[in-house]
Every structure is written in C-alpha cells, then in structure tokens.
Amino acid sequence: MPELPEVEAVCRKLRRDALGAWISAVRVLRSATTRPQKPRRVESLAAGRTIETVERRGKNILMSLSGGLWVRIHLRMTGNLYVIPDVRLRPASTRAYFELEGGRGLVFDDPRALGRLHLHTAAEAARLMEDLGPEPLSREFTLDVLAAAARRSRKPAKLFLMDQQHVAGLGNIYAAEALFRAHIHPARPMNRIGPPRLALLHAAIVEVLREAVHWAVTSYRRPGEFSEAEDFPLAVYGREGEPCVTCGRRLRRIPQGGRSTYYCPGCQR
DNA sequence: TCGATCCTGTAG
DNA sequence: CTACAGGATCGA
C-alpha cells in the first residue's frame with residue numbers, strides 16, 4: 001500500500017492515536033524485520049519510553065521516543081502501521097508490535113515481511129535521511145532542483161522518478177501517473193526532456209501527490225467497517241489494455257527495472 | 001548500472 | 001502451476 005500519500009496518511013493517524021503513549025513492551029516477531037539489529041536489543045531499548053513525535057521523510061516513518069531514541073520504519077510493499085485497542089488481537093501477519101499503556105498495541109503488520117524497523121540516535125537517523133532527495137510537497141522541491149538533477153541523468157524518466165535520491169516518496173504508481181499527466185514517455189532519457197515538459201512534470205508530481213494525499217487521508221478517517229474506502233482514480237496504473245481517458249488508445253504495459261510501467265502510447269511520447 | 005534477491009499472497 | 005506485486009539493497 002505505501003507510497004508517499006499512504007505513508008503520510010499512516011503518520012497522521014499515528015499522531016492521532018499514539019502520540020504521548022507510553023510503551024510498556026516491544027516484541028519483534030521476525031528477526032529479519034530489524035536486521036542487522038538484534039531483535040532482543042530493539043525490544044529492550046525501546047521499552048519503557050514514550051512516543052513523542054511521528055514524522056515522515058519520503059516513505060520512511062520516523063518516531064522519536066523519550067530519551068532521544070528514534071524508530072525508523074519502512075513499510076516497503078505491504079507494510080502497515082496502526083494502533084489497535086487490544087494488542088492480543090493483532091493479526092497473524094504482525095512482524096513486530098509495541099504494547100502501549102492500557103493494553104493497546106501499535107502493530108507493524110506486513111504480510112510479505114519485506115518491511116523494516118530500526119532504532120537510531122537522532123544523528124544516525126538524520127544522516128540516513130540525507131540520502132533522500134527533496135520532499136516533493138515541500139518548498140525545497142522547485143523546478144530548478146528537478147531540472148538540475150534531470151540534466152545529470154540519462155536514466156529513463158520512470159526510473160529516475162522512482163530513485164529516492166532524486167525525489168523522495170514516489171513509487172511505481174505515482175511515478176507512472178505523473179508521467180502520464182506530463183505527457184512524457186516513461187522510457188525517455190531524463191536529460192532529454194525539454195524545459196516545457198520538465199515544468200509540466202514538476203507540476204504533475206506535486207499535483208498528483210497532493211490529490212493522492214487528500215484521498216489517502218480522507219479514506220483513512222472514514223473508519224466505516226462496512227464500506228470500503230474509495231481508491232484514488234488512476235489514469236494508467238494497472239490499466240493495461242483499457243482505453244486512455246484522454247485519447248482512447250489502448251494503454252500499454254512495459255517492463256522497466258524489473259517492474260511494470262503503464263502508459264499511453266498516444267499521449268506519452 | 002543492472003539483475004538477483006528478499007518474502008508471502010493472490011490472480012490467472 | 002506461473003506471473004506478478006504500491007520497494008530497496010547488494011553483489012557482479
């Protein structure tokens with residue numbers, strides 16, 4: 001589930017549910033989740049502290065605990081992080097959890113088990129985040145910044161956008177959606193996109209992420225146990241063979257970097 | 001810079 | 001059964 005918008009929604013919900021909570025115990029149920037850090041050490045270090053802040057950097061979730069300890073969680077492909085009223089009722093796919101006061105549980109749920117959880121000092125955490133490019137929804141992410149990075153890269157546009165060193169938070173879905181909105185072919189070398197198209201791309205990235213954050217956040221707040229939250233309307237992702245909403249041509253799927261890229265052969269050249 | 005690899009679940 | 005998946009890292 002997680003690219004930037006979904007991770008943002010998780011963080012906001014966590015702030016609502018877990019801020020200020022005291023951690024009575026921590027359990028790591030799968031050692032790979034904290035590797036190379038030792039599960040027992042993660043458990044003993046984090047227990048007894050209070051959750052002071054929750055923030056997002058790219059697709060990373062950072063929680064600061066009392067005493068200057070930081071938790072860094074990456075959801076990867078299928079991870080989710082949420083609070084439940086009774087920690088004993090956690091799902092089978094729980095890879096780690098924090099037991100909170102009153103028996104609540106902060107659950108790191110991840111069926112595919114590719115997600116990661118680590119502990120750091122403030123300096124370590126900050127250092128790791130330095131490897132990430134600018135936050136696309138911050139003022140740092142200007143057209144100039146994007147253009148400067150683009151000039152230096154011959155990568156296919158789609159792979160460039162998914163590289164967290166250039167822009168933090170885009171994944172397979174929103175990279176494809178942004179390229180569609182900017183009418184750029186996903187295989188086009190990044191340094192061969194002209195200034196007008198690059199400006200369009202910059203705007204498209206900001207726009208699609210803004211919209212998706214809004215959707216992710218509102219669908220999360222609507223806790224309806226019955227009705228499924230509506231999904232963000234995707235123009236190309238997962239729509240191979242369907243007609244393009246703009247020109248009607250059949251959308252295509254091509255492999256890039258071992259993953260699927262969806263695009264419109266009519267609109268994106 | 002690219003492919004293999006980590007995992008499990010689900011769809012075809 | 002195979003293909004594929006909203007991600008990132010590591011070794012060649």
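Across the protein-nucleic acid pair, D163(A) atom CG and dA8(C) atom C1' stand 11 Å apart, rounded to whole Å. Protein atom CD of E3(A) is 13 Å distant from nucleotide atom P of dA5(C), rounded to whole Å. Atom pair I173(A):CD1 and dC4(C):P shows a separation of 17 Å (rounding to whole Å applied). For F160(A) and dT1(B), the CZ to C1' distance is 15 Å, given to the nearest whole Å. Residue M77(A) contributes atom CE, which lies 14 Å from atom C1' of dT9(C) at whole-angstrom precision. Nucleotide dA8(C) holds its C1' atom 12 Å from the CG atom of L132(A), rounded to whole Å. When rounded to the nearest whole Å, the span between CE of M190(A) and P of dT1(B) equals 14 Å. Nucleotide dC2(B) holds its P atom 7 Å from the CG atom of L159(A), rounded to whole Å.
With DNA chain C read from its 5' end, the first of the two nearest nucleotides for G257(A) and R253(A) is the one closest to R253(A).
Neither OP1 nor OP2 of dC4(C) sits under 4.0 Å from any side-chain N or O of Y262(A). The side chain of R259(A) places no N or O atom within less than 4.0 Å of a non-bridging phosphate oxygen (OP1 or OP2) of dC4(C). Put simply, Q164(A) has a side-chain N or O that comes within less than 4.0 Å of OP1 or OP2 on dA8(C). Side-chain nitrogen and oxygen atoms of R76(A) include none within less than 4.0 Å of the OP1 or OP2 phosphate oxygen of dT9(C).
When the side chains of ILVMFWY residues are joined at heavy-atom separations under 4.5 Å, either directly or via intervening members, M190(A) and V206(A) end up in a single hydrophobic cluster.
Note on R30(A): only backbone sugar-phosphate atoms sit closer than 4.0 angstrom, heavy atoms only; bases stay farther off. At the heavy-atom level, G258(A) lies nowhere under 4.0 Å from the strands shown. Backbone-only engagement by K59(A) is indicated by non-hydrogen atom pairs under 4.0 Å involving sugar-phosphate atoms exclusively. Heavy atoms of S93(A) sit nowhere under 4.0 angstrom from any nucleic acid atom.
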Handout entry: E207(A) vs R210(A), side chain to side chain contact (heavy atoms under 4.5 Å, CB included): CA-CA, chis, key distance, verdict
Key = CA-CA 5 Å; E207(A) 184 186 71; R210(A) 278 233 160 86; 5.8 Å; no
Problem - T121(A) and L69(A): CA distance, side-chain angles, deciding distance, side chain to side chain contact (heavy atoms under 4.5 Å, CB included) verdict - result: CA-CA 5 Å; T121(A) 63; L69(A) 187 67; over 6 Å; no
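Side-chain contact between L146(A) and F160(A): present, with at least one pair of heavy atoms (C-beta onward) separated by less than 4.5 Å. Within the 4.5 Å cutoff, no side-chain heavy atoms of N80(A) are placed close to those of V107(A).
Enclosure of atom CZ in R41(A) is not indicated, since only 12 or fewer non-hydrogen atoms of other residues, nucleotides or ligands lie within 6.0 angstrom.
Annotation: dG3(B) and dC4(C) have their P atoms spaced 15 Å apart (nearest Å).
Judged purely by atom type and a 3.5 angstrom limit, R253(A) has no side-chain atom pairing as donor or acceptor with the backbone of Y262(A).
Sorted by residue number, the members of residues 105-127 of chain A with any non-hydrogen atom under 4.0 Å from DNA chain B read P111(A), R112(A), L114(A).
Smallest separation of non-hydrogen atoms from V42(A) and Q37(A): CG2-OE1, 3.8 Å.
Every stem involving DNA chain C, taken as at least 3 paired positions in a row under the Watson-Crick or G-U wobble test at 3.5 Å, is listed here: B:1-6 with C:7-12, B:8-12 with C:1-5.
Each of V71(A), L100(A), V87(A), I84(A) was scored for a side-chain contact (heavy atoms from CB on, under 4.5 Å) with L106(A), with one residue passing: L100(A).
When each of dC7(B), dA5(C), dA8(C) is scored by its nearest atom to the side-chain atoms of H74(A), the top-ranked nucleotide is dA8(C).
Among residue pairs with one or both ends in residues 106-125 of chain A, none qualify as salt bridge (Lys or Arg N to Asp or Glu O under 4.0 Å); sequence neighbours excluded.
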